[in-house]
Amino acid sequence: MATMIDFSEPADRVAPQLLGAILRRGGVTIRLTEVEAYLGTADPASHAHKGPTPRCRTMFGAPGHLYVYASYGIHRAGNLVCSPDGTASGCLMRGGEVIEGIDIVRARRGPTAPDAGLARGPGNLGAALGLTLSDDATPVHSVSGRDPEAERQREAHPDTDLWIQEAPGPVEMVRGRRIGISKNADAPLRYWIPGDPTVSSPRSLRVALEVL
DNA sequence: CGTCGGATTTACT
DNA sequence: GTAAATCCGACGA
């Protein structure tokens, strides 16, 4: 039997389960190809490093929720909150392949973005999902990959608009340095599917430190 | 309050 | 490679 993603684990243990996972919101379905783990108070690069603030308090809340923050005033990036209630960690969604609802995503992203770039990069992925700051703390329902089970779960929670299920098959994955941060950048906490065109990093930074 | 920097993206030169 | 866009929240006064 397929298992559900367990967000109560620390983000660096959840991250590998997220690669290849299927995320649905409204009419948009995205297959995650790149995530970064942020390890809360122990991680100088994490928003949660200095403890709960109005911005990052969601990361300290219950696992299995969405943490949305504003990046450079322009973008909205989404994290999947991990670790038990009271402990902060999370996985930043950095890249994904739009496999359903391309028309919706293209309306949000504009006509010039290439297919592979529709959800490439945290800001673009947030835009593809239509995230706003008011989506912060939205529950994320983790369901089994078996279709009948997922359907049953969805019928039981009609108000939930965010769903995730584990990768339908084996996924090749590597990890390496995180991107766009200045503190603790050497920690190998970025996870991605090698060779996937929807991974956001430039080629020069796509250096795998470890094959998982 | 005011200031400052940012888990970014895009379009330039 | 460099710069502009653009705004929220962290923090100090």
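Below, read A as the first sequence line, B as the second, and so on, with proteins coming before strands; counting in each chain starts at 1. Worth saying up front: this structure is predicted, and the values here are computed from it rather than measured.
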Quick one: which of A:Leu92, A:Val35, A:Val14, A:Leu18 gives a side-chain contact (heavy atoms from CB on, under 4.5 Å) with A:Leu80?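 The single option meeting the side-chain contact (heavy atoms from CB on, under 4.5 Å) with A:Leu80 is A:Leu18.
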Can you sort out which residues in residues 180-193 of chain A have a heavy atom within less than 4.0 Å of DNA chain B? Ascending by number, please.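 Nucleic-acid contacts, sorted: A:Gly180, A:Ile181.
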DNA chain B-proximal residues of residues 87-96 of chain A, any heavy atom under 4.0 Å: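 When residues 87-96 of chain A is checked for heavy atoms under 4.0 Å from DNA chain B, the hits, listed by number, are A:Leu92, A:Arg94.
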Quick one: closest heavy-atom pair of A:Gly96 and A:Thr198, and the distance?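 Nearest heavy atoms, A:Gly96 then A:Thr198: O-CB, 3.3 Å.
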When you look at A:Glu36 and A:Arg178, which way does the salt bridge (charged side-chain N to carboxylate O under 4.0 Å, His left out) test go after all the steps? CA-CA 7 Å; A:Glu36 273 178 351; A:Arg178 292 178 291 186; 5.6 Å; no
[X] side chain vs [Y] backbone, donor-acceptor pair below 3.5 Å:
X	Y	answer
A:Arg106	A:Asp103	no
A:Asp196	A:Thr33	no
A:Asp6	A:Ser8	yes
A:His65	A:Ala137	yes

Measure the distance from [atom1] on [X] to [atom2] on [N] and round it to the nearest whole Å.
X	N	atom1	atom2	answer
A:His49	B:dA7	NE2	P	13 Å
A:Leu205	B:dT8	CG	P	12 Å
A:Tyr69	B:dG5	OH	P	18 Å

With A:Ile104, which residues qualify under side chain to side chain contact (heavy atoms under 4.5 Å, CB included), at least two apart?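 Side chain to side chain contact (heavy atoms under 4.5 Å, CB included) list for A:Ile104, sorted by chain: A:Val28, A:Arg108.
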Tell me every residue that passes side chain to side chain contact (heavy atoms under 4.5 Å, CB included) with A:Ala107, counting only those two or more places apart in sequence or in another chain.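 Counting only residues at least two positions away or on another chain, A:Ala107 forms no side chain to side chain contact (heavy atoms under 4.5 Å, CB included).
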For a stem of at least 3 consecutive Watson-Crick or G-U pairs with distances under 3.5 Å, i pairing with j, i+1 with j-1 and so on, which stems involve DNA chain B?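 The stems that DNA chain B takes part in, listed by first number, are B:1-6 with C:7-12, B:8-12 with C:1-5.
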Distances under 3.5 Å only, N/O to N/O: pair up the protein atoms with those of nucleotides 6-9 of chain C.
from: C:dT6; atom 1: O2; to: A:Tyr72; atom 2: O; distance (Å): 2.8
from: C:dC7; atom 1: O4'; to: A:Gly73; atom 2: O; distance (Å): 3.3
from: C:dC7; atom 1: O2; to: A:Gly73; atom 2: N; distance (Å): 3.4

5'-most by nearest nucleotide on DNA chain C - A:Cys56 or A:His75: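 Nearer the 5' end of the strand: A:His75.
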Do any side-chain atoms of residues 187-194 of chain A form donor-acceptor pairs under 3.5 angstrom with protein atoms, and if so which ones, sequence neighbours left out?
from: A:Arg190; atom 1: NE; to: A:Arg177; atom 2: O; distance (Å): 2.8
from: A:Arg190; atom 1: NH1; to: A:Glu34; atom 2: OE2; distance (Å): 3.0
from: A:Arg190; atom 1: NH1; to: A:Ser201; atom 2: OG; distance (Å): 3.1
from: A:Arg190; atom 1: NH2; to: A:Leu205; atom 2: O; distance (Å): 2.9
from: A:Tyr191; atom 1: OH; to: A:Asp12; atom 2: O; distance (Å): 3.3
from: A:Tyr191; atom 1: OH; to: A:Arg175; atom 2: NH1; distance (Å): 3.3

Distances under 3.5 Å only, N/O to N/O: pair up the protein atoms with those of nucleotides 10-13 of chain B.
from: B:dT10; atom 1: OP1; to: A:Arg109; atom 2: NH2; distance (Å): 2.8

Using links of under 4.5 Å between side-chain heavy atoms of ILVMFWY residues, direct or through other members, which residues join A:Ile99 in one cluster?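 Reading the cluster by chain and number, A:Ile99 sits alongside A:Ile22.
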Kindly assign one of parallel, tilted or perpendicular to the pair A:Tyr67 and A:His47, based on the angle between their ring planes and the thresholds 30° and 60°.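 Rings of A:Tyr67 and A:His47: perpendicular, over 60°.
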Residue pairs involving residues 62-78 of chain A (criterion salt bridge (Lys or Arg N to Asp or Glu O under 4.0 Å); sequence neighbours excluded):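 The answer is none; no pair qualifies.
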Is there a side-chain polar atom (N or O) of A:His47 under 4.0 Å from OP1 or OP2 of B:dA7?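 Affirmative; the distance criterion is met.
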Among pairs that include at least one residue of residues 116-138 of chain A, which meet ring pair (Phe, Tyr, Trp, His ring centres under 6.0 Å), considering only residues two or more places apart or in two chains?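 Checked against ring pair (Phe, Tyr, Trp, His ring centres under 6.0 Å) - neighbours excluded - no pair reaches residues 116-138 of chain A.
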Quick one: label A:Ala45 by what it contacts on the DNA or RNA (base, sugar-phosphate, nothing), any heavy atom closer than 4.0 Å.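 Base contact - A:Ala45 has a heavy atom under 4.0 Å of at least one base atom.
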Show me, pair by pair, the donor-acceptor contacts under 3.5 angstrom made by side chains of residues 119-128 of chain A, not counting sequence neighbours?
from: A:Arg120; atom 1: NH1; to: A:Pro197; atom 2: O; distance (Å): 2.8
from: A:Asn124; atom 1: OD1; to: A:Arg109; atom 2: NH2; distance (Å): 3.3
from: A:Asn124; atom 1: ND2; to: A:Arg120; atom 2: O; distance (Å): 2.9

To the closest 0.5 Å, what do you measure between CE (A:Met59) and SG (A:Cys82)?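 The CE atom of A:Met59 sits 8.0 Å away from the SG atom of A:Cys82.
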